[in-house]
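Being a predicted model, the structure only gives us computed values, none of them experimental. Order of appearance sets the numbers: ligands from 1, and atoms from 1 within every ligand. Side chains are part of it too, since the values below use all heavy atoms of this structure and drop only hydrogens, waters and symmetry mates.
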Amino acid sequence: MTKVFLRKKIANRIANGHPWIYGNEIEKISGEVTGGDIVDVFFADGKFAGSGYINQKSQIAVRLLTRKKEEINEAFFYKSISDAWQYRKKIGYIENCRLVFGEADELPALIIDKFNDFFVIQTLSLGIDRWKPAIVKALQGIFNPKGIYERNDVPVRELEGLEQQKGFLSAPFDTNIIINENGLQFYVDIENGQKTGYFLDQCDNRRAIKNIVKDAEVLGAFTYTGTFEIHAAHYGAKQVLGLDISANAVEQANKNAKLNGLENICKFEAVNAFDALKNFTKEERKYDVVMLDPPAFTKSREHIDKAVSGYKEINLRGMKLLRNGGFLVTSSCTNLVSPDLFLHTIEAAAKDAKKKLRQVIFRAQASDHPIVWGLENTNYLKFLIVEVTDR
Ligand code: SAH
């Protein structure tokens with residue numbers, strides 16, 4: 001087994017349980033190194049740090065899979081995935097859930113979403129990609145699923161020297177499925193939907209709008225397949241308009257509204273939300289609830305400013321479109337913008353819009369995407385509801 005020895009003067013991060021080892025934290029490597037191999041890692045004093053997979057082409061040279069002296073083999077993946085499933089069941093996420101959330105389940109760079117009997121996986125690094133057959137075998141053994149699909153059409157794989165690809169990892173099946181959520185039904189396009197096909201991370205937050213949308217006129221921007229908007233209609237909104245730049249998303253949203261018999265209440269338009277929010281303000285339109293769930297706006301730390309100004313702009317416009325005492329429901333899904341920075345941005349928007357805010361809810365993603373303390377990037381979603389009044 002190849003051994004990796006760490007430098008003496010490195011941050012406590014690894015000793016404190018963080019699974020990533022950067023190239024500049026390695027003193028020396030004894031034995032042969034082939035990208036993706038399992039290696040044993042030792043601290044400078046010779047103490048065992050754990051085992052993980054190596055890829056010197058990646059900025060993160062080693063990602064640890066275990067801190068114990070144990071073999072990484074098929075049985076290891078079977079047990080890890082079983083443990084992840086036990087945890088989801090224990091905290092009440094059964095029918096649909098993020099079954100494996102990478103580092104948060106000690107399976108770095110592995111994502112598995114469970115849509116009832118169907119599973120969508122992403123292996124986002126070379127080291128985990130190698131274990132795809134073992135992962136598929138474990139899913140088959142634990143769940144006897146109706147289908148498994150790979151959504152590895154993700155650019156980050158290229159940083160690992162991997163190709164982007166997607167396809168069946170089981171016998172082919174109809175990839176347009178229907179899932180249940182909060183008493184509603186939604187189509188999920190496993191093959192061509194965004195990411196793994198559906199954003200499970202907002203499942204609980206969609207339920208959080210229940211009381212404030214009653215009898216309301218609701219505007220939702222960045223609607224994707226209309227999930228928040230259809231929830232709003234289901235919870236008693238009078239009228240709901242959802243906006244998304246993607247015509248395909250709008251088509252799906254319309255199908256979803258119809259599937260739930262809410263097509264008379266929910267309307268969707270394929271437009272750029274930045275333009276639409278601006279135009280609606282000019283037209284002096286007013287809503288009781290405005291919901292915003294934009295994409296990340298940035299993928300890199302250097303462009304956080306751009307993301308922040310994007311958040312500020314849409315939230316400011318959203319606030320201006322509200323009737324006095326209306327509610328803003330707003331999200332941010334990138335870990336690059338911290339919860340603090342997000343709140344400050346909303347505060348700055350309120351100041352410019354001359355509005356006073358009263359907080360109803362501030363929280364993160366659903367708990368099937370666990371936040372592990374010390375692993376900053378597991379804390380990524382911000383979800384805020386505020387009452388907005390004139391100042
Ligand atoms: N609320 C959705 C997820 C939204 S994902 C859910 O809960 O499932 C973000 C969406 O924003 C994507 O569907 C994307 O097409 C859309 N989008 C990105 N830029 C946009 C823009 N400028 N205007 C409108 N929609 C945009």
Side-chain angles (χ1 to χ4, degrees), residues 96-98 113 115 120 151 154 177-182 184-190 192-210 213 218-235 240-257 259-260 266-281 289-299 303 306-307 309-318 321 328-334 337 363-366 368-369 380-385:
N96 313 309
C97 61
R98 177 146 292 186
D113 277 352
F115 299 115
V120 181
R151 281 301 301 272
V154 189
I177 62 163
I178 293 176
I179 62 165
N180 304 304
E181 184 185 87
N182 302 324
L184 291 161
Q185 291 194 305
F186 294 100
Y187 286 104
V188 176
D189 180 348
I190 287 178
N192 295 313
Q194 294 183 29
K195 306 267 174 81
T196 60
Y198 189 82
F199 293 99
L200 290 170
D201 52 5
Q202 292 275 33
C203 158
D204 296 345
N205 296 334
R206 292 184 189 109
R207 218 162 43 231
I209 64 171
K210 184 169 181 176
V213 295
V218 179
L219 175 66
F222 311 94
T223 179
Y224 186 38
T225 55
T227 56
F228 270 100
E229 291 67 22
I230 290 162
H231 275 75
H234 175 64
Y235 292 138
V240 186
L241 175 62
L243 313 173
D244 201 284
I245 202 160
S246 149
N248 183 48
V250 164
E251 192 182 316
Q252 292 280 329
N254 278 318
K255 266 175 68 185
N256 278 328
L259 181 65
N260 292 286
C266 290
K267 302 287 171 215
F268 296 96
E269 281 175 28
V271 288
N272 185 328
F274 283 87
D275 299 340
L277 293 173
K278 205 187 292 179
N279 294 338
F280 291 1
T281 314
V289 177
V290 171
M291 309 189 290
L292 307 169
D293 186 16
F297 290 148
T298 177
K299 296 240 182 300
H303 298 119
K306 208 180 100 207
S309 67
Y311 287 126
K312 185 169 169 197
E313 178 173 345
I314 55 169
N315 281 286
L316 185 141
R317 295 196 189 285
L321 283 168
L328 178 72
V329 178
T330 183
S331 300
S332 151
C333 63
T334 169
V337 172
R363 64 188 190 194
Q365 70 265 14
D368 56 343
H369 300 56
Y380 72 99
L381 189 101
K382 281 77 58 193
F383 176 79
L384 175 71
I385 302 181

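With sequence neighbours left out, E313 forms a salt bridge (Lys or Arg N to Asp or Glu O under 4.0 Å) with R317. K312 meets the salt bridge (Lys or Arg N to Asp or Glu O under 4.0 Å) test with D352; sequence neighbours excluded.
Taking a heavy-atom cut-off of under 4.0 Å, ligand 1 is surrounded by Q194, F199, R206, F222, T223, Y224, T227, F228, D244, I245, S246, V271, N272, A273, F274, D293, P295.
Using a 4.5 Å heavy-atom cutoff, the side chains of T298 and K306 are not in contact.
A perpendicular orientation is assigned to the rings of F222 and F274, their planes being inclined by more than 60° (bins at 30° and 60°).
Note on residues 196-207: pairs passing side chain to side chain donor-acceptor pair (under 3.5 Å), not counting sequence neighbours, are Y93-D204, D113-T196, E181-Y198, E181-R206, N182-R207, Y198-R206, D201-Y380, Q202-N205, Q202-D293, Q202-S331, D204-R207, N205-R363, R206-T227.
Screening T330, L277, V290 against I314 for a side chain to side chain contact (heavy atoms under 4.5 Å, CB included) leaves a single residue, L277.
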